[in-house]
Amino acid sequence: MLVGVLALQGAFREHQRSLEKCGVSTCQVRKASELHSVDALVIPGGESTTMGKLMSEFELMKPILDLAHQGMPIFGTCAGLIMLAKQIRNSRQQTLGLMDIEVERNAYGRQVDSFETDLNIPVLGAEPLRAVFIRAPYITKVAEGVDVLAYCDDKIVCARQDRFLVAAFHPELTSDLRMHQYFISLIAAKTPA
Ligand code: GLN
């Protein structure tokens with residue numbers, strides 16, 4: 001299994017490290033030709049308007065969309081979550097729009113720009129997951145077909161729609177590998193043996 005990590009900006013190396021600790025091979029993706037051999041893609045945190053512009057400039061939007069429509073699983077964290085959303089509140093920025101979710105950017109306001117908390121994520125087991133939020137978004141609406149995987153207080157911060165997985169926090173910044181392992185299990189379920 002080879003997992004590509006979009007490497008235009010943001011925390012891509014940390015995702016590679018976490019995935020490799022889970023035993024899968026990774027590669028950095030900056031151009032369309034690098035997408036052909038991957039079984040799945042991670043879109044890391046960063047800054048989503050910049051990432052959207054870079055994705056257009058590097059002509060990655062259409063190739064990623066084509067592969068996603070053909071069944072490629074994608075995991076987006078933080079800015080990556082924003083990139084997967086169909087709707088962004090108060091913004092017309094470019095996204096891939098693959099998930100039927102509405103998102104509020106920088107949703108936690110200035111006073112709590114960044115924080116850590118324990119999240120209960122039942123699909124990962126009973127043990128709570130320590131989650132790092134950095135100028136994080138949250139999900140304000142989900143359509144039918146989207147499974148909510150975790151709340152932080154009453155806000156949706158982790159969700160899945162078939163092969164697309166998003167987290168508002170940064171699982172690549174802690175040593176807990178369960179979010180990455182969960183994504184790998186989704187890829188394995190989609191990839192013929
Ligand atoms: N605030 C950023 C954005 O809106 C996301 C922050 C992150 O990825 N850590 O794009």
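Below, all heavy atoms of this structure are taken into account, side chains as well, without hydrogens, waters or symmetry copies. One-based numbering, in listed order, for ligands and for the atoms of each.
Qualifying side chain to side chain donor-acceptor pair (under 3.5 Å) partners for K62, counting only residues two or more places apart in sequence or in other chains: D66.
The closest side-chain donor-acceptor pair between H15 and T26, if any, does not fall under 3.5 angstrom. For the residue pair Q28 and R30, a side-chain donor N or O sits within less than 3.5 Å of a side-chain acceptor on the partner.
At a threshold of 4.0 Å, the pair R178-D176 counts as salt-bridged, since one of the basic side-chain nitrogens sits closer than that to a carboxylate oxygen.
For ligand 1, the protein residues placed under 4.0 Å by at least one non-hydrogen atom are G45, G46, E47, S48, C78, A79, I82, R105, N106, I134, R135, H170.
By the 6.0 Å and 45° rule, R17 does not stack over the aromatic ring of F12.
Classification of the F133-F115 ring pair by plane angle, with boundaries at 30° and 60°, yields parallel.
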